[in-house]
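Convention: sequence-line order gives letters A, B, ...; per-chain numbering from 1. Source: prediction; values computed, not measured.
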Amino acid sequence: MRTPLGLVVALALGHGLVVAAPDAQDVLAASDAIRNPGRSFSVTVTLTEFQAGKQVDTSTLTTYARAQEQGGQFASLIRFVLPARDAGKLMLKNGNDLWFYDPATKASVRLSPQQRLMGQASNGDVVTVNMAKDYRATLLSEEEVQDGERRKRNAYKLGLAAAAPDVTYPTIEIWIDAENNRPLKARFFAESGRLLKTAYYRRFQQQLGTERPTETVIIGRLGPAIGNLVALLGVFGSTGSRDLAHRDYLPRFQPE
Amino acid sequence: LTISVRYVLVFLLAAVGFAGAPALADDPDDAALSLGSAPVKSSQTGRESRLLGEGAIGIGDRRDGTGNDFLRRISIDFNYLGTITPGWRAVLSDRLDVIKPNEFGADTVTNSLREAYLSWQPDGASTVVDVGRVNLRYGPAYGYNPTDFFRDGTLRTVTSLDPLTWRENRLGTVAIHGQRLWSNGSLSLAFSPKLENEASQNGLSLDLGATNNRDRGLLVLSGRLSERLSGQVLVYKESGPQVDFGASATALVSDAVTAYVEGARGHEPDLFSRTIGALEPLTTRNRLAAGLTFTSAGKLSLTGEYQYNGFALGDAEFAALGRNSPELQTAYVQTALQRQELASRRAWMVYVTQKSLGLKNLDLTALGRFNAGDHSWLCWVELRHHWDRFDWRCSCSSKAETMTQLTARFPNGDPPG
């Protein structure tokens, strides 16, 4: 008699756990709020690229992100600061409206998402993308995962499917700390299902009112000839509100 | 045909820097997490300046087939953009080229004051007024821009066959230029007055005669029609009754393909009449450029472009001119070069860039251009390796006697990456 009762109790508890499972979309939105200030902001990023464990390149860029009135996604303007040969170049992303501006040639050129994806700017997307607005989240599991500081954390693993047609990455897997909704790790996939890059969010510090990841380690697998690419992202800067509407703005841009 | 081949080595002079190398662990993720970041760098001073030194050596065959020349060039390139007071910006852009020997017979020292203007933005970026020598560039096409109405006479030196260099080195026009921007577009009006009668042969001249030898005005309406489509409409007016019209559009076709088209309808002497100094009769004809750019996941970018100039000689006429009067054909092509026009009625162009060709910082750029007038090809290839402050380039080209490659121009560099 004890066994059936135990089974019933276990089933009841199990059912209770399912009911109590967090809403995946809510968890994702809470994680977004940690990665992004939720309003217009700027972030200065230093990218350090490695191949075969050796540092091969560093560059600095500043992203100005503005929350759009509709949809909640960010329009972003990336200004390349270093190296000197790229200083002053700009890249505007407003959904699929992508433009590159070179002050030397005074030309604004429309880019395809593919062109953006193969450049450094796509690493900036890892910082500014508002996942809850563009993806439908599903709770895949609750599991232990190694975070960016190499500590084991109990995390929700979410599967994200694109809800908008113009996102940079069609599918994403993300691990979010079950205790505090901090983003720990994410994997970004191409349309074909190929893994494009893995990101670890770490070095949480007080920035713009809450503790946010100030460093992201990105491991790219764009092709075997390239090897591992690591980009370490810098600290958040001041907030800023900018008109990032269209390409005609690019020649008039003035960094603060 | 006489074929001229040039090999040019270019050294951009500055410093080189590399940093240390952390060790790898077995797990790629674990190895990555063991790496340390570089210090965060930023430059938000409100001022930007860039000084560039450039040296080049090369070999070029003479067009008359009598041998070749050892080519040398030193260039100094300076750009400054700074905020003077809130709402006011100053822009200065200048380039000095020392070229030996100079095949066009001009001074070996040539200065190009490309831009020198004040910009006033009284209410943020919504309204802008520029006064001075300012580069007003229009048109999305890579090799030929019919809607770039201020292009003629703007090149003082041709230091490279790289069309990108043409766009960087051109002179601006002295003008007053106002622009009003809103969330989905802008309206701009420019007036460029006549200041001199003709271009100067003095290498150190400001050469206002090259860019301001007649009164000109341009009205441009730009719009973002959708996330995937944007366009421009242009109205251009010189002294005289005629008004020229232009329009352009760019579109996102797919995740990997963009498209563009631009065209203009003008009323003016044809190109051959200009060559022989006849400014009559005036004819009404069209110019057009249209192309597609495809980008692969492997950092290969491929552009194909069709070009049409209704004011140029037809294919048969162009070929006949070459057979019957090569000197006149050379003068005709020189006129096209000076005006940055297409010398043949029709041309096709392919432009290829491959980033990280085997090495991370090694880039390949190549251009192929077919001239329908005499069925000649221009081919140009460049390998470039870059470090933080130092570039090394090696380029070679084959060019036909028609020199039609000299009409080619490219709008921009590629996005960093």
Check your understanding: Contact part of A:E149 toward chain B, heavy-atom cut-off under 4.5 Å: side chain, backbone, both or neither?
Key -> neither
Study note, to complete from the structure: The residue among B:V253, B:T293, B:L252 that forms side-chain contact (heavy atoms from CB on, under 4.5 Å) with A:S112 is B:L252
Exercise for review: Heavy atoms only, distances under 4.5 angstrom: which of B:D130, B:D77, B:L136 has the most pairs with chain A? Name it, please.
Suggested key: B:D130
Exercise for review: For B:S93, enumerate each residue passing the side chain to side chain donor-acceptor pair (under 3.5 Å) test, keeping only those at least two apart in sequence or located in another chain.
Suggested key: B:N79, B:R114
Review point. For the atom pair OG (B:S183) and OH (A:Y249), what is the distance rounded to the nearest 0.5 Å?
Key: 13.5 Å
Check your understanding: Is there side-chain contact between B:S254 and A:Q114, with heavy atoms separated by less than 4.5 Å?
Key -> no
Point to revise | Results of ring-ring contact (aromatic ring centres under 6.0 Å, His included) for B:Y260 - residues two or more places apart only | key: B:Y142
Check your understanding: Does a side-chain heavy-atom distance below 4.5 Å link A:D248 with B:R224?
Key -> no
Check your understanding: Which bit of A:P103 is near chain B, if near means a heavy-atom gap under 4.5 Å: side chain, backbone, both or neither?
Key -> neither
Practice item. May I ask you to decide whether A:K106 forms a salt bridge with B:D148, counting only side-chain N to carboxylate O separations under 4.0 Å? Key: no
Practice item. Using non-hydrogen atoms and a 4.5 Å limit, figure out which bit of B:L229 sits close to chain A: side chain, backbone, both or neither. Key: backbone
**Study point:** Which atom of A:R252 lies closest to which atom of B:L181, heavy atoms considered
**Key:** CG-CD1, 4.5 Å
Point to revise | Closest heavy-atom pair and its distance - A:L111, B:T258 | key: C-CG2, 3.8 Å
Check your understanding: Hey, does A:D97 have a side-chain heavy atom less than 4.5 Å from the side chain of B:R228?
Key -> no
**Study point:** Residue, of A:R110, A:E191, A:K185, that accumulates the most heavy atom pairs under 4.5 Å with chain B
**Key:** A:R110
Review point. When only pairs under 4.5 Å are counted, which of A:A87, A:A104, A:G88, A:S108 shares the most heavy-atom pairs with chain B?
Key: A:A104
Review point. Does any donor atom in the side chain of B:S230 or A:R247 lie under 3.5 Å from an acceptor atom in the other side chain?
Key: no
